[in-house]
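Here is the structure we will look at.
Predicted model only: the values in this text are computed from it and were never measured.
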Amino acid sequence: MPRSFGVLECPTKTSLLTNLSAILFFMRLLTKICLIFLLTVIINLLATKSVSALATFATDYTITYDIGQRGSTHVTFDIAQKNNLSTVYATSFSLSLSQTNINNIRVADAAGAISPAIDRTDNLTNISFDFLAKVVGRDKFNRFTIQYDSTDIASKQGSIWEINIPRLETNENTNSQQIILKVPVSFGQPAYIDPKPSRVEANNYYFSSNVLANKSISAVFGTTQYFSLRLTYNLSNPLSKELVTQVALPPDTAYQTVYLKKITPPPADIATDPDGNWLASYTLGPNTDLQITTDIVIKLNFNPKKTTAPDFNLYTRATKLWDYTDPDIAAAATNLTTPKAIYDYVVSHLQYSYARINSTSSNDINRPGAVWALANPSQAICTEFTDLFIALARKNGIPARENQGYAMSSNDKLKPLSLAKDVLHAWPEYYDQIKQTWIQIDPTWANTTGGIDYFNKLDLNHLVFAIHGLDATQPLPAGAYKTSGGGSKDVFVSITPAETFPKARFKIKYESQNRDRLFLTLENLTGVAADATVSVSGKNSVEAGTSTNRLPPFGKNTIEIRFKATLLVYPKAEQLIIDINGQSSNLTITRQPNLPPAFLWGAAVCLALGLALLARGLYLRRRRRLPPVHW
């Protein structure tokens with residue numbers, strides 16, 4: 001079989017150069033192809049991003065809130081949606097509202113009425129629909145309207161109207177936004193409105209895009225509200241001996257003034273603790289129960305009054321529930337140096353858990369504190385919003401503490417009431433050194449209402465039952481005093497017409513005295529707290545002085561008066577002049593001898609020696625021989 005063989009030839013120098021040139025040519029060609037491919041990919045990516053950044057549409061909103069005499073609000077969204085592309089047009093639209101009590105929803109575009117799909121959650125209403133009109137072409141406008149009636153925008157409590165308009169939440173590229181708020185003439189002028197409207201025409205308030213800046217709108221008409229309270233405290237002593245205990249009555253705060261009309265049975269005393277709580281003292285007999293009832297009127301002011309600056313060391317320290325020594329809390333607090341920054345962080349970081357508040361598990365009732373709240377942001381209720389704010393504030397040297405009490409809510413989905421045992425809400429406050437007062441805020445309701453402002457203003461619905469600053473859990477507020485197995489409702493609150501509070505009256509009486517001091521008891525005879533400026537003067541016995549005393553309703557205080565350093569060898573009566581807030585009265589006291597014991601002992605010894613010497617002299621005189629008669 002023939003075979004063919006290949007001949008191997010060695011390349012010459014010329015052929016090697018030719019091959020090398022060919023290789024270089026192909027390498028250059030390959031490089032150009034790669035560069036062209038890479039450039040094409042980049043151009044396509046940039047084109048895709050440009051189309052995406054264009055957001056397809058630019059939307060203009062004009063939203064009118066027309067509030068009726070009874071508070072029902074007719075809302076109209078006039079929307080103009082412009083196409084940014086020539087080949088793309090809108091087929092559907094959706095709107096998410098931070099409202100739940102809405103009805104009469106109507107949607108229409110240029111082609112006519114549209115039937116929307118409505119989806120409701122715990123604190124949201126979602127409206128979605130497909131357009132009837134198909135608007136095609138770049139820079140073409142699709143104009144449509146959404147209308148509905150809502151009772152969540154305006155609410156009336158007594159004589160106060162409160163209006164809260166949530167900020168607009170949309171995924172669309174919003175080109176412009178204008179809000180028109182129309183209120184009845186009977187509302188009068190607002191005591192508070194934020195942000196400030198761009199212009200005001202009669203009772204119509206206009207807010208432009210640059211004013212809104214994606215903020216909610218809040219307005220309050222009226223500055224004072226009155227509440228009537230009926231509170232019950234159930235006490236039990238299971239011991240075989242007497243038990244002395246206390247209950248916390250709603251106290252005066254920077255916002256509220258309390259009138260204790262009646263408390264049955266009367267307490268032995270009502271005293272004020274360092275946080276400002278009013279504590280009524282009772283003695284329970286062995287194995288006995290006691291039910292205390294109170295009738296109270298609270299005057300709530302929109303603007304807080306000035307208060308005495310607190311001890312910063314006490315209100316910036318870490319506690320078990322406000323443990324800012326935890327590394328995660330400390331890290332979160334690093335850049336949160338103002339109360340507003342802390343408030344915004346808490347509102348955005350935590351999420352209110354409607355499931356948890358409805359749970360009856362004991363683990364859900366227990367209070368886990370700020371560290372747990374930071375680690376479990378989706379499981380928060382009002383106590384966690386409060387605890388996290390306080391811990392972050394205290395870490396940054398801002399005095400902060402908790403209020404527990406009652407908050408009147410017209411919608412418990414948007415403004416949930418959270419705590420068990422009749423204690424319905426908790427919210428924090430911080431001390432503002434510039435305003436010189438405690439400022440109450442509510443990050444919980446800011447979260448659940450979709451960003452309504454509860455930082456720059458609270459409302460006229462939050463009533464404080466107990467203040468927790470030194471201790472995060474004590475004293476217990478009204479509604480938490482239950483006997484075993486007790487499930488009774490012990491907190492009743494209603495709005496009442498304005499009531500005239502009584503003028504404070506005081507009396508002072510003699511209590512006791514010793515060699516150095518006189519003790520007087522000052523008593524508040526009325527159900528309102530008040531200041532008593534007391535001055536005591538006398539001709540000889542007492543050192544003149546003045547003291548100012550803050551007494552809670554029916555409270556008592558002991559006043560000490562120093563005696564002048566004079567020696568008395570016998571009891572001496574003197575009339576003192578006592579002045580209380582400009583009203584003078586007289587008090588007669590008897591000052592007892594105040595010679596030092598050594599002086600008295602020395603005088604007694606000298607007297608005894610003198611008597612002894614006198615007796616001896618008389619005795620010796622009797623024994624002396626008398627001279628004879630006839631000497």
Show your reasoning for whether side chain to side chain contact (heavy atoms under 4.5 Å, CB included) applies to Phe227 and Gln256. CA-CA 10 Å; Phe227 295 86; Gln256 72 185 30; over 6 Å; no

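- Test Thr232, Thr293, Asn234 against Asp490 for side chain to side chain donor-acceptor pair (under 3.5 Å) and you get one pass: Asn234.
- The six-membered or imidazole ring of His468 lies away from that of Trp322, with a centre-to-centre distance of 6.0 Å or more.
- Heavy atoms only, all atoms of each residue included: Ser353 and Ser378 are closest at CB-O, 3.6 Å.
- Between the side chains of Asp442 and His462, at least one donor N or O sits under 3.5 Å from an acceptor N or O.
- For Asp119 and Thr121, the side-chain atoms include no donor-acceptor pair closer than 3.5 Å.
- The aromatic rings of Tyr430 and Phe455 lie parallel to each other, with less than 30° between the two planes, well short of the 60° mark.
- Counting non-hydrogen atoms of neighbouring residues, nucleotides and ligands closer than 6.0 angstrom, the NZ atom of Lys305 exceeds 12 such neighbours.
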Set out, in order, the CA-CA distance, both residues' side-chain angles and the distance that settles side chain to side chain donor-acceptor pair (under 3.5 Å) for Asp252 and Thr257, then state yes or no. CA-CA 5 Å; Asp252 280 357; Thr257 304; 4.9 Å; no

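- Geometrically, Lys503 does not engage Phe501 in a cation-pi contact defined by less than 6.0 Å to the ring centre and at most 45° from the axis.
- Take Ser96 and apply the side-chain hydrogen bond (donor to acceptor under 3.5 Å, both in side chains) test, not counting sequence neighbours, and it matches Asn126.
- Smallest separation of non-hydrogen atoms from Val528 and Pro502: CG2-O, 3.5 Å.
- The stretch residues 191-203 participates, sequence neighbours left out, in these salt bridge (charged side-chain N to carboxylate O under 4.0 Å, His left out) pairs: Asp194-Lys215, Arg199-Glu201.
- No more than 12 heavy atoms of other residues, nucleotides or ligands shown are found within 6.0 angstrom of CG on Asn335.
- With respect to Asn101, the side chain to side chain donor-acceptor pair (under 3.5 Å) criterion is satisfied by exactly one of Asp149, Asp152, Thr125: Asp152.
- Of all the heavy atoms in Ile263 and Ala280, the pair that sits closest is CD1-CB, 4.4 Å.
- Of all non-hydrogen atoms in Pro428 and Ile390, the two that sit nearest each other are CB-CG1, 4.1 Å.
- Here the shortest heavy-atom pairing between Glu402 and Ala426 reads OE2-CB, 3.6 Å.
- Between the side chains of Ser208 and Ser198, a donor-acceptor pair is found at a separation under 3.5 Å.
- Donor-acceptor pairing under 3.5 Å is lacking for the side chains of Asp78 and Thr145.
- If you check the side chains of Ser150 and Gln99, you find a donor sitting under 3.5 Å from an acceptor.
- A donor atom on one side chain and an acceptor atom on the other are found under 3.5 Å apart for Thr526 and Asn524.
- Evaluation of the side-chain hydrogen bond (donor to acceptor under 3.5 Å, both in side chains) rule for Arg394 yields no partner, not counting sequence neighbours.
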Go through Phe506 and Asn549 one step at a time and tell me if the side chain to side chain contact (heavy atoms under 4.5 Å, CB included) criterion holds. CA-CA 11 Å; Phe506 301 93; Asn549 306 264; over 6 Å; no

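- Across all non-hydrogen atoms, the minimal contact from Ala254 to Thr307 is CB-CG2, 3.9 Å.
- Ring centroid separation for the pair Tyr431 and Tyr315 does not come in under the 6.0 Å cut-off.
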